[in-house]
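Quick notes on the structure that follows.
Reminder, nothing fancy here: chain letters follow the sequence lines and each chain counts from 1. The basis for the numbers below is simple: all heavy atoms, side chains too, and nothing from hydrogens, waters or symmetry mates.
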Amino acid sequence: MTTTNPYYARIWHTVLQIPAGKVASYGQIADLAGLPGRARLVGKALGYAPKELAVPWHRVLRSDRSLAFPTGSDSAKCQRQLLQDEGVLLKNNRVRKDDLWQPDLAELLFKLKY
DNA sequence: TTTTTGACTTGGT
DNA sequence: AACCAAGCCAAAA
């Protein structure tokens with residue numbers, strides 16, 4: 001089942017490392033999760049993420065720092081709201097460069113326990 | 001097994 | 001900066 005898929009688990013745990021108030025791109029998450037070239041799989045994994053894990057899916061956006069959902073859609077509005085609650089404001093559907101997550105690799109690898 | 005489908009990315013205009 | 005075409009790759013059909 002999807003909730004036990006090892007690819008998905010890796011993705012969820014990686015997304016869990018994004019601190020509040022910061023954002024990362026799908027491709028970045030894929031890379032950090034050890035799944036280069038699988039940005040699209042990240043989106044799918046987030047859609048299947050069990051809510052008990054409380055995966056901060058809203059902190060993941062496209063490489064150009066825009067939301068992945070159509071502007072005005074319910075999901076987009078929800079994501080926007082969640083981000084603003086964390087202090088991440090969107091200018092014209094884009095977040096500021098300062099809000100990009102720049103993880104410390106050593107620390108990240110330690111937390112993910114590869 | 002083959003084709004289609006994306007919560008994507010990149011490079012060229 | 002905005003748009004488009006190709007490339008991408010696991011999943012679902």
Compare side-chain N and O positions of [X] against OP1 and OP2 of [N] and report whether any pair is under 4.0 Å apart.
X      : N       : answer
R38(A) : dA10(C) : yes
R62(A) : dC8(B)  : yes
S25(A) : dC8(B)  : no

Nucleotide [N], atom [atom2] - distance to [atom1] of [X] in whole Å:
X      : N       : atom1 : atom2 : result
R59(A) : dA7(B)  : CZ    : C1'   : 17 Å
K44(A) : dC8(C)  : NZ    : P     : 18 Å
L35(A) : dA11(C) : CG    : C1'   : 14 Å
R10(A) : dA10(C) : CZ    : P     : 15 Å
L46(A) : dC8(B)  : CG    : P     : 10 Å
L67(A) : dC8(B)  : CG    : P     : 11 Å
D74(A) : dA7(B)  : CG    : P     : 15 Å
Q28(A) : dA7(B)  : CD    : P     : 20 Å

The side chain of [X] lies closest to which of these nucleotides: [options]?
X      : options                 : answer
Y26(A) : dA11(C), dA2(C), dC8(B) : dC8(B)
L41(A) : dA7(B), dA10(C), dT9(B) : dA10(C)
Y48(A) : dA12(C), dA2(C), dC8(B) : dA12(C)

Hey, what do you get for [atom1] ([X]) to [atom2] ([Y]), rounding to the nearest 0.5 Å?
X      : Y       : atom1 : atom2 : answer
L83(A) : C78(A)  : CG    : SG    : 9.5 Å
H58(A) : Q81(A)  : NE2   : CD    : 11.0 Å
R59(A) : L100(A) : CZ    : CG    : 14.0 Å

Please determine, for dT3(B), whether a Watson-Crick or G-U wobble partner exists with both distances under 3.5 Å, and give it or none.
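dT3(B) is paired, partner dA12(C).
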Contact class for S75(A) (heavy atom, under 4.0 Å): base, sugar-phosphate, or nothing?
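Here S75(A) touches no strand at all.
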Over 60° means perpendicular and under 30° means parallel, so tell me whether Y8(A) and Y48(A) are parallel, tilted or perpendicular.
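Plane angle between 30° and 60°, so tilted.
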For Y7(A) and R40(A), find the nucleotide of DNA chain C closest to each by heavy atoms; which residue's nucleotide sits nearer the 5' end?
R40(A)
Could you go through W57(A) and Q79(A), starting from their C-alpha distance and side-chain angles, then the distance that decides it, and tell me whether this counts as side chain to side chain contact (heavy atoms under 4.5 Å, CB included)?
CA-CA 8 Å; W57(A) 60 272; Q79(A) 181 171 23; 3.9 Å; yes
